[in-house]
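Working notes for the structure below.
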Amino acid sequence: MSQNKYKQYRKWLDFITLSSATTLLLVFISVWLIPFSSKVNSDTLVFLSDFESGFSEWGAEFRYEYSAQLVNSPVRAGKQAIKFLLKKEDTRIDGVKRAELRLVEVPPDSEIWYGFSVFLPTNYHRDPSSEIIAQWHDLPDKNLGEKWKSPALSLSTKDGKFILNRKWDSKRVTVVPEGKEVVDLGLYQTGKWTDFVFHVKWSSGSNGRLKVWQDGKLVVSRNGPNNYNDARGPYLKIGIYKGDWKNQPDKSIVSERELYFDEVRVGDANARYKDIAPRD
């Protein structure tokens with residue numbers, strides 16, 4: 001994506017956050033009732049991306065052709081997956097080194113299932129500097145003077161481990177989140193696919209819920225707030241976001257990051273684990 005196109009895209013995001021919350025909610029509900037992937041053939045699945053025919057259903061946040069490419073190997077299922085490659089010398093996008101794909105936001109306070117599989121190659125060396133590989137980002141309430149903030153939920157790699165980061169806040173305008181948690185999911189394995197399933201009841205209040213499965217095992221279960229108190233729900237992004245290459249470049253000991261995604265699914269509140277989990 002060119003810098004000009006990305007700036008236009010970001011301006012569009014900023015513009016729509018200024019719109020009436022009531023009107024937006026009606027639009028979200030209307031759009032959400034329609035599956036946003038032509039491959040969906042399910043009452044509970046609203047999105048499926050197996051990358052067999054590309055990734056045109058995603059929004060793009062990358063600069064170079066090599067940043068996001070379809071590949072025939074490795075694949076979790078089918079014949080294709082997507083490869084992300086980020087280099088330390090890459091030009092920043094919106095001030096940060098990134099190579100990501102994004103989906104549309106979900107309705108606020110909705111209950112959603114997400115599933116995907118990620119492959120870290122054998123040359124994915126340990127780095128004390130973290131990178132976000134999946135994140136659920138907010139859309140700030142610009143009409144209230146709110147600024148962009150860190151994602152409410154993100155999956156990262158750091159120093160050889162998978163790390164889950166959570167933030168939440170019940171205030172209408174977030175400056176400093178009321179709560180946060182860092183969950184160590186253990187050492188990652190290279191040269192193999194790792195499956196993740198997330199079941200989230202998004203909420204900035206006590207009725208929130210979060211469950212995370214890794215390779216079929218429940219590794220996180222939380223009740224309570226898990227999101228910001230925004231007029232719009234969060235949106236999923238996958239790929240590579242390396243903030244330290246801007247803020248603390250000397251902290252990182254690698255000059256590039258490469259990883260793969262496949263079998264991305266999103267389901268509504270009626271979905272079940274078996275509907276969302278990556279499969280052969």
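In this text, all values refer to a predicted model and were calculated from it rather than measured experimentally.
Across all their heavy atoms, Arg172 and Asn229 have their closest contact at NH1-O, 2.5 Å. For the pair Asp230 and Glu146, the tightest heavy-atom approach, listed with the atom from each and the gap, is OD1-OE1, 3.0 Å.
With Ser203 contributing its side chain and Gly205 its backbone, the two residues share a donor-acceptor pair below 3.5 Å. Lys97 contributes a side-chain N or O that, together with a main-chain N or O of Lys88, makes up a donor-acceptor pair within less than 3.5 Å. Looking at Tyr64, its side chain does come within 3.5 Å of a backbone N or O of Thr91 through a donor-acceptor pair. Counting only distance, with no hydrogens or angles, the side chain of Asp169 and the backbone of Thr174 share no donor-acceptor pair below 3.5 Å. Within the 3.5 Å criterion, the main-chain N or O of Phe51 finds no donor-acceptor partner in the side chain of Asp262. Looking only at distances, no side-chain donor or acceptor of Glu105 sits under 3.5 Å from a matching main-chain atom of Tyr235. Checked by atom type and distance alone, the side chain of Asp159 never pairs as donor or acceptor with a backbone atom of Arg126 at under 3.5 Å. Remark: side-chain polar atoms of Lys201 are paired, donor with acceptor, to backbone N or O of Asp109 under 3.5 angstrom. Of the possible polar contacts, none joining the Gln135 side chain to the Ser154 backbone as a donor-acceptor pair under 3.5 Å is found.
Between Asp244 and Lys158 there is no salt bridge, since no side-chain nitrogen of the basic residue lies less than 4.0 Å from a carboxylate oxygen of the acidic one. Ion pairing between a basic and an acidic side chain is recognised when a charged N comes within 4.0 Å of a carboxylate O; Lys242 and Asp90 show no such pairing. Using a 4.0 Å cut-off between charged nitrogen and carboxylate oxygen, Arg265 and Asp275 do not count as a salt-bridge pair. Salt bridge absent: Lys167 and Asp138 never bring a charged side-chain N and a carboxylate O closer than 4.0 Å. Classification of Lys237 and Glu100 as a salt-bridged pair holds, one side-chain N sitting under 4.0 Å from a carboxylate O.
Side chains of Thr44 and Arg272 form no contact here, defined as non-hydrogen atoms less than 4.5 Å apart. Proximity of Leu70 to Phe55: side-chain heavy atoms (C-beta onward) are separated by under 4.5 Å at one or more points. With contacts defined as side-chain heavy-atom distances shorter than 4.5 Å, the pair His137/Arg102 does not qualify. Taking 4.5 Å as the limit, some side-chain heavy atom of Val220 sits within range of a side-chain heavy atom of Leu185.
Cluster membership for Phe84 and Leu86, using ILVMFWY side-chain heavy atoms within less than 4.5 angstrom, is shared. Grouping the Ile, Leu, Val, Met, Phe, Trp and Tyr side chains by contacts below 4.5 angstrom, directly or via other members, places Ile240 with Leu101. No chain of hydrophobic side-chain contacts below 4.5 Å, direct or via other Ile, Leu, Val, Met, Phe, Trp or Tyr residues, connects Leu85 to Val75.
Remark: Ser170 pairs with Glu178 by the side-chain contact (heavy atoms from CB on, under 4.5 Å) rule, at least two apart or across chains.
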Quiz prompt | Audit row: Asp141, Val173, side chain to side chain contact (heavy atoms under 4.5 Å, CB included) steps and yes/no | solution = CA-CA 7 Å; Asp141 295 317; Val173 175; 6.0 Å; no
Exercise. For the pair Ser252 and Asp127, evaluate side chain to side chain donor-acceptor pair (under 3.5 Å) and give the outcome as yes or no after the intermediate values.
Key: CA-CA 6 Å; Ser252 176; Asp127 191 5; 2.7 Å; yes
Self-check item: Candidate pair Arg76 and Glu263, rule salt bridge (charged side-chain N to carboxylate O under 4.0 Å, His left out), full reasoning
Solution: CA-CA 7 Å; Arg76 176 64 177 82; Glu263 293 292 289; over 6 Å; no
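For the pair Lys87 and Tyr66, the cation-pi criterion (under 6.0 Å, within 45° of the ring axis) is fulfilled.
Applying side-chain contact (heavy atoms from CB on, under 4.5 Å) to Leu153 and the options Leu164, Val212, Asn165, Asn226 leaves one that passes, Leu164. A ring pair (Phe, Tyr, Trp, His ring centres under 6.0 Å) with Tyr114 is found for one member of Phe196, Trp136, Phe198 and no other, namely Trp136.
Donor-acceptor pairing under 3.5 Å is lacking for the side chains of Ser156 and Tyr241. Under 3.5 Å, the side chains of Asp195 and Ser117 contain a donor-acceptor pair of N or O atoms. In this model, a donor atom of one side chain and an acceptor atom of the other lie less than 3.5 Å apart for Glu111 and His199.
Aromatic ring centres of Tyr260 and Phe119 lie closer together than 6.0 Å.
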